[in-house]
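Working notes for the structure below.
The model shown is predicted, which means the values in this text are computed figures rather than measured ones.
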Amino acid sequence: MSARTVWRAFPTLLRVGFAEAVAYRAEMLIWVLSTTMPLVNMVLWMAVARDAPVGRFGEADFISYFLATFAVRQLATSWAAWLINWEVKQGVLSMRLLRPISPLWTYAVESIANFPMRLVVAAPVVLLSVALVGARAVPQHAWQWGFFVLALLGGWAIAFLANVAIGALCFFLESSERVLEVWLVLFFVCSGYMYPVELLPPTLRTVIDWLPFRYQIGLPVEMLTGAFGWEESVRLLGAQWAWVAALAALAAFTWKQGVRRFAAFGG
Amino acid sequence: MISVRGLRKHYKVHKRPPGLKAALRSLVHRSYTTVKAVDGISFDIRPGERVGFLGPNGAGKTTTLKILSGLLYPSEGEVTVDGHVPQRREEAFLKKIMLVMGQKQQLLWDLPPAETFELNRAIYDVPQAQYKKTITDLVDLLEIGDLIGKPTRQLSLGERMKCELAAALIHQPRVLFLDEPTIGLDVAMQATMRTFIKEYNERYGATLILTSHYMDDVAALCPRVIVIDKGLLSYDGGLDALVQRVRPEKRVVLRLSEEVDASRLSPLGRVVTHEPGSAVLQVRQEAVNATITRALSTLPVMDLTVENAPLEEVMSELFAESKARRAAASELMPA
């Protein structure tokens with residue numbers, strides 16, 4: 001599909017996607033409730049840090065870290081794998097494939113169109129963090145805000161592209177929802193969602209640095225809480241966007257190969 | 001416009017008997033069977049033609065339509081639609097075609113159809129002026145002015161189908177594939193859809209391929225039919241010629257002013273139905289005139305019409321013939 005077609009259709013796709021997000025607002029709020037694990041973790045880790053800090057984390061640091069985790073999780077997420085599995089099984093994907101725009105673009109725009117609704121939840125949480133911890137809960141410099149936005153986009157891109165690559169496996173495996181569950185288990189363990197990855201032993205942390213999971217949640221959270229200086233931020237953003245590029249290639253490959261096997265069942 | 005040569009689509013399907021034992025066995029050893037959905041068909045369709053694909057369930061009609069619209073990759077054969085190879089799914093090709101499936105919808109469920117129309121305008125890159133004119137025409141023709149602002153989920157099946165058709169035609173496709181477009185609709189709505197589809201074909205010169213189990217759709221829209229059975233093409237030609245070939249006899253429909261005994265009807269031809277005020281006789285084509293003359297002179301006839309056999313009967317006879325031929329062929333095959 002030409003970039004021109006995508007570019008020209010983008011505003012309307014976004015607007016209609018947003019209208020759909022508003023129509024499903026109740027469903028979204030229920031989903032938000034299912035992502036409150038960071039708040040539980042926050043309480044647990046605050047109790048652990050009451051007597052003495054854990055690494056560099058005192059009680060206030062855990063508050064800002066987990067509130068940031070909650071906020072980032074609202075945005076750096078995707079459910080494309082479930083959608084692809086459902087649409088392939090039901091044959092609904094046919095309707096997307098008939099249009100002169102790749103379904104991958106429409107999945108992406110539908111996800112991005114949810115951002116305003118999710119910001120309604122995420123932004124007050126960040127403000128709450130500032131109210132509880134003070135200004136150090138958020139970046140102090142413009143470049144840090146810029147890096148945070150870049151890291152957040154990268155985190156969303158990793159979530160989305162991994163979902164597409166896993167979702168496209170259903171063309172080969174009949175269903176790839178179990179593969180997604182394996183991914184999610186690794187995500188919970190390795191992403192910084194349950195605990196800051198810097199609290200893990202050095203060997204484990206090295207392994208995690210080479211995996212994509214921490215770049216989805218941990219890195220944007222660390223950027224938001226101002227954990228790194230300029231050089232370290234650039235290095236980590238480089239690693240994150242290398243993963244984005246690798247996953248984009250993988251997603252495009254599995255999708256292209258998978259669509260050839262699409263059986264368009266169900267009418 | 002459309003050229004199909006030696007088209008084949010074979011699926012490898014996992015097969016296992018029911019039960020726990022079979023389920024456990026399938027963990028380590030899976031047996032597959034090859035389903036020949038389409039098994040070597042060839043045909044050509046000229047620009048602006050209206051063609052009906054006929055065949056029993058599982059014949060390969062929808063599979064063929066999905067290959068022609070680029071949804072499925074053929075296993076073998078060559079297909080071109082207006083110079084494009086469908087499975088390449090080029091943007092220019094997708095902008096020229098549309099597949100409307102009676103059992104699938106593109107309308108956004110929780111938003112009004114007007115939003116889907118606007119979305120399609122953007123995706124198909126339709127200029128605003130052309131979009132406004134097309135939408136005005138479609139809204140008038142389909143009488144959906146008061147529907148397009150209501151959420152799709154609140155529309156009846158017939159209303160939804162009309163909006164579905166409007167959404168499919170916003171980019172004015174030159175080739176329209178219709179897969180059971182009137183399924184589930186009441187008789188009046190089916191007639192509305194047929195009239196609209198025919199008008200679209202005549203106004204825009206669009207090529208149209210239709211599959212439907214409602215023979216009235218086919219009779220009203222398609223001068224030419226292609227019959228597919230078990231993945232093979234068993235007839236390609238005019239609808240009238242098909243009826244003549246399969247069931248050359250005519251039906252003489254009599255409305256009678258008083259009840260007559262069956263013994264007075266049977267000398268005139270084969271009695272298909274006989275009720276107190278009416279009777280239907282089946283006679284050879286060359287005997288129609290003589291039968292009419294005799295009926296008028298010997299029976300209390302109020303009204304008389306001569307018809308072809310119903311298309312449903314013609315089709316079931318054709319499929320029965322094909323089945324018998326296949327059975328005979330398989331008996332001749334060495335074991």
Side-chain angles (χ1 to χ4, degrees), chain A residues 1-28 86-106 109-110 113 171-175 255-267, chain B residues 9 11-14 35 37 62-63 65-67 69-74 86-87 89-112 114-127 151-153 164 167-168 171 173 177 179-180 183:
Chain A
M1 307 302 150
S2 75
R4 184 177 162 271
T5 303
V6 176
W7 180 249
R8 288 173 68 103
F10 201 74
T12 309
L13 286 169
L14 263 185
R15 189 187 61 70
V16 175
F18 177 68
E20 271 202 295
V22 172
Y24 297 125
R25 60 196 180 280
E27 197 179 36
M28 200 207 76
W86 185 79
E87 291 193 352
V88 169
K89 277 183 207 166
Q90 300 294 320
V92 182
L93 182 65
S94 298
M95 300 318 295
R96 286 190 194 262
L97 287 171
L98 284 170
R99 290 174 165 164
I101 183 169
S102 167
L104 300 189
W105 283 111
T106 54
V109 175
E110 282 165 24
F171 291 115
F172 307 90
L173 304 173
E174 292 182 12
S175 171
W255 180 263
K256 198 173 173 189
Q257 295 303 313
V259 164
R260 295 175 68 97
R261 300 168 64 101
F262 180 50
F265 291 128
Chain B
K9 179 67 184 177
Y11 292 104
K12 205 171 137 194
V13 180
H14 171 218
V35 175
T62 302
T63 302
L65 277 196
K66 286 175 177 172
I67 291 170
S69 57
L71 286 179
L72 298 181
Y73 278 67
Q87 72 262 28
R89 301 177 20 77
E90 294 152 335
E91 188 177 334
F93 165 72
L94 293 171
K95 283 185 173 177
K96 285 180 188 171
I97 64 134
M98 181 42 88
L99 167 65
V100 177
M101 292 186 269
Q103 302 188 63
K104 289 273 173 291
Q105 65 168 44
Q106 64 163 317
L107 294 174
L108 299 162
W109 186 247
D110 284 298
L111 299 181
E115 293 282 24
T116 307
F117 299 166
E118 183 59 31
L119 188 72
N120 281 5
R121 183 203 62 74
I123 287 174
Y124 286 95
D125 203 10
V126 180
T152 302
R153 65 171 186 275
E164 197 68 50
H171 62 292
F177 303 109
D179 187 20
E180 306 279 358
I183 197 162

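- With chain B as the partner, the residue from A:Leu13, A:Leu98, A:Leu93 showing the most heavy-atom pairs under 4.5 Å is A:Leu98.
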For A:Glu20 and B:Asp110, what are the C-alpha separation, side-chain angles and deciding distance, and is it a side-chain contact (heavy atoms from CB on, under 4.5 Å)? CA-CA 7 Å; A:Glu20 271 202 295; B:Asp110 284 298; 6.0 Å; no
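- Contact annotation for B:Ile123: both backbone and side-chain heavy atoms come within less than 4.5 Å of a heavy atom of chain A.
- Here the CG-CD1 distance, from B:Leu119 to A:Ile101, works out to 8.5 Å after rounding to the nearest 0.5 Å.
- Heavy-atom distances place no part of A:Arg96 under 4.5 Å from chain B, backbone and side chain included.
- The parts of A:Ala19 that come within reach of chain B are both its backbone and its side chain, each placing non-hydrogen atoms under 4.5 angstrom from that chain.
- Among all heavy-atom pairs drawn from B:Leu71 and A:Phe262, the shortest one is O-CD2, 4.0 Å.
- Heavy-atom distances place no part of B:Thr63 under 4.5 Å from chain A, backbone and side chain included.
- Across B:Ala122 and A:Ala9, no two heavy atoms sit closer than the pair O-CB, 3.6 Å.
- Neither the backbone nor the side chain of B:Ile183 comes within contact range of chain A; no heavy atom of the residue lies under 4.5 Å from a heavy atom of that chain.
- The line from NE2 of B:His171 to CZ of A:Arg99 is 10.5 Å long, rounded to the nearest 0.5 Å.
- Atoms CE and OG, on B:Met101 and A:Ser94 in that order, are 4.5 Å from each other to the nearest 0.5 Å.
- Of the residues considered (B:Glu180, B:Arg121, B:Glu118), B:Glu118 shows the highest number of contacts with chain A, using heavy-atom pairs under 4.5 Å.
- One distance of note links CD of A:Gln90 with NZ of B:Lys104; it measures 7.0 Å at 0.5 Å rounding.
- In terms of modelled atom types and a separation under 3.5 Å, the side chain of A:Arg260 and the main chain of B:Tyr73 share no donor-acceptor contact.
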